[in-house]
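In the text below, chain A, chain B and the rest are named by the order of the sequence lines, each starting its count at 1.
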Number of protein chains: 2
Amino acid sequence: MGESGVDKGDRKRLTRQESRALTRARLVEAAGLVFAERGFYGASVEEIAERAGFSRGAFYSNFDSKEDLFLAVLDAHIESEMALTTEALGEDPSQEAVLEFLHSQSVRRRRQGRGWTLLWAEFWLHVLRQPELAPKLAARQRKARSAIARIIEGRCRQLGIVPTMPPEDLASLILAVDDGLVLQEHLDPGVVPDDLRASASVLLFIGMAFSPAAQPPTDPST
Amino acid sequence: MGESGVDKGDRKRLTRQESRALTRARLVEAAGLVFAERGFYGASVEEIAERAGFSRGAFYSNFDSKEDLFLAVLDAHIESEMALTTEALGEDPSQEAVLEFLHSQSVRRRRQGRGWTLLWAEFWLHVLRQPELAPKLAARQRKARSAIARIIEGRCRQLGIVPTMPPEDLASLILAVDDGLVLQEHLDPGVVPDDLRASASVLLFIGMAFSPAAQPPTDPST
DNA sequence: GTCTATATAAAGATAGAC
DNA sequence: GTCTATCTTTATATAGAC
């Protein structure tokens, strides 16, 4: 996807575009940290610029405003997650690929830890307060859900189980458990066993398989 | 639980204590709204005071600082929830009492809607950023979990099921689903069916009941 | 393109009148 | 106890030098 033909042989020299992109990237990265630590309003442009190694002046020559920067951070994170998903899963992912991917996700989540969680919470709050941004996060959510739904369908076929509810709904539950447990863990570390997250998916799946077959809105006249 | 014997016949006259308490209460209530809408830093003391019908001066004669006010809001909400719980459940609640209580909770949640959710999210973020406050929210979480755990134990006895995992863990999952679904719903209204929350608890319970008995860390030498 | 210096505005907090 | 007026700090954003 490289735009211009050649971009290797040029030693330290960067084109203006590249330099600008690099500065922006550094600012976005620093902003991610500061927004996570202090929240949108708590974070000052000064601290962000400083931590990225720049001055406020440099900041304002790259971004229109703090809001503009926040959007850049949000987009960068969503794009990065989406890209990771697409790359790892491709068009028609195998069960193994998806499971492997989910595992790597949870490892990554562990590594990035508190900051990552705080930042996404901040995203969520900000988006809820500025509803025109909702589609950005909603898209990510839908993508995650349908990826998981596909696993569920696959497993059902494998095991010859007839789903008693839409796989998307079961996927919603699995995602919900994931997010909900994160909240609990950070608030009160130690109360949530390490393997609970994994057990939950199994429990839900078994629950669905064994639950008294789907109760479609039956016609009461029967 | 009335403190002093008589407090009816005094027309509009309030003692200084009562008047002060009333002012504080109004400010706390207004603060809840503004904190929910704008977050801790986004909320200005001026707007809070104004919405409560007072001036900044009045505010500062009742609270030391914005942080102080936030703590008061936090305490008020926690206390109110705890009180509701204790009142509805008492010492040794029946299954019916607990289920009834959970239902009323979810109704209340619906009614209070977005603002309520935003405010608790704000509490959560603020507490994570000021860890010394964690015990306050953690206590509420533990209380909710053990209340649900008690239901689970009861149902297990009723149905003659031997739990394959600690009831507290299953309770954690149920709470997690609840919180996680709230996040999804507000971000992308309509994707989560109304009855999914209820189904989830059933699914988890059935899952536990039918799951291949607890797998204690077995000795691999077997 | 990035820096320093500065303009401008907003918000937290206080003082003193009533 | 509450108000108005004011102090002080902090932060966003801009201007102009390099």
Closer than 3.5 angstrom, by distance alone: can the side chain of B:His126 be matched with the main-chain N or O of B:Glu122 as a donor-acceptor pair? no
Any idea which of D:dA11, D:dG1, D:dT2 is nearest the B:Ala58 side chain? D:dT2
Below 4.0 Å: OP1/OP2 of C:dA10 and any side-chain N or O of B:Ser44: no
Nearest-Å distance for atom pair CD/C1', residues B:Glu18 and D:dG1: 15 Å
Answer whether the closest heavy-atom distance between the side chains of B:Gln141 and B:Leu137 falls below 4.5 Å. no
To the nearest angstrom, how far is A:Glu47 atom CD from D:dT12 atom P? 11 Å
Rounded to whole Å, CG of B:Asp68 lies from P of C:dA13 at a distance of 10 Å
If you pin A:Gly57 and A:Gly42 to their nearest nucleotides in DNA chain D, which one's is more 5'? A:Gly42
Integer-rounded Å distance: C:dG1 C1' and A:Leu27 CG: 12 Å
Distance in angstrom units between A:Glu67 CD and D:dT12 C1', rounded: 13 Å
What I want to check is whether the side chains of B:Arg20 and B:Gln17 have a donor and an acceptor closer together than 3.5 Å. no
On the nucleotide D:dT2, are OP1 or OP2 found under 4.0 Å from the side-chain N or O atoms that B:Thr23 carries? yes
Atom-pair distance (CD1 on B:Ile48; P on C:dA11), nearest Å: 11 Å
Consider the side chain of B:Ser61, meaning its heavy atoms from C-beta on, and name the nucleotide among C:dC3, D:dT2, C:dG12 that approaches it most closely. D:dT2
Ignoring the backbone of B:Phe54, work out which of D:dT12, C:dG12, D:dC3 is nearest its side chain. D:dC3
Nucleotide nearest A:Ser55 (side chain, heavy atoms from C-beta), chosen from D:dT12, D:dC3, C:dT4: C:dT4
Touch check for A:Ala43, heavy atoms < 4.0 angstrom, all strands: base, sugar-phosphate only, or nothing? sugar-phosphate
Please report, rounded to the nearest Å, how far the P atom of D:dA11 is from the CZ atom of A:Phe59. 14 Å
Using whole Å, report how far CD of B:Glu50 lies from P of D:dC3. 11 Å
Side-chain contact, heavy-atom cut-off 4.5 Å: A:Arg140 with A:Lys143? no
Select from A:Asn62 and A:Arg56 the residue whose nearest nucleotide in DNA chain C is closer to the 5' end of that strand. A:Asn62
Run the salt-bridge test on A:Lys136 and B:Asp188 with the 4.0 Å N-O cut-off and return the result as yes or no. no
Does D:dT14 have OP1 or OP2 under 4.0 Å away from a side-chain N or O of A:Tyr60? no
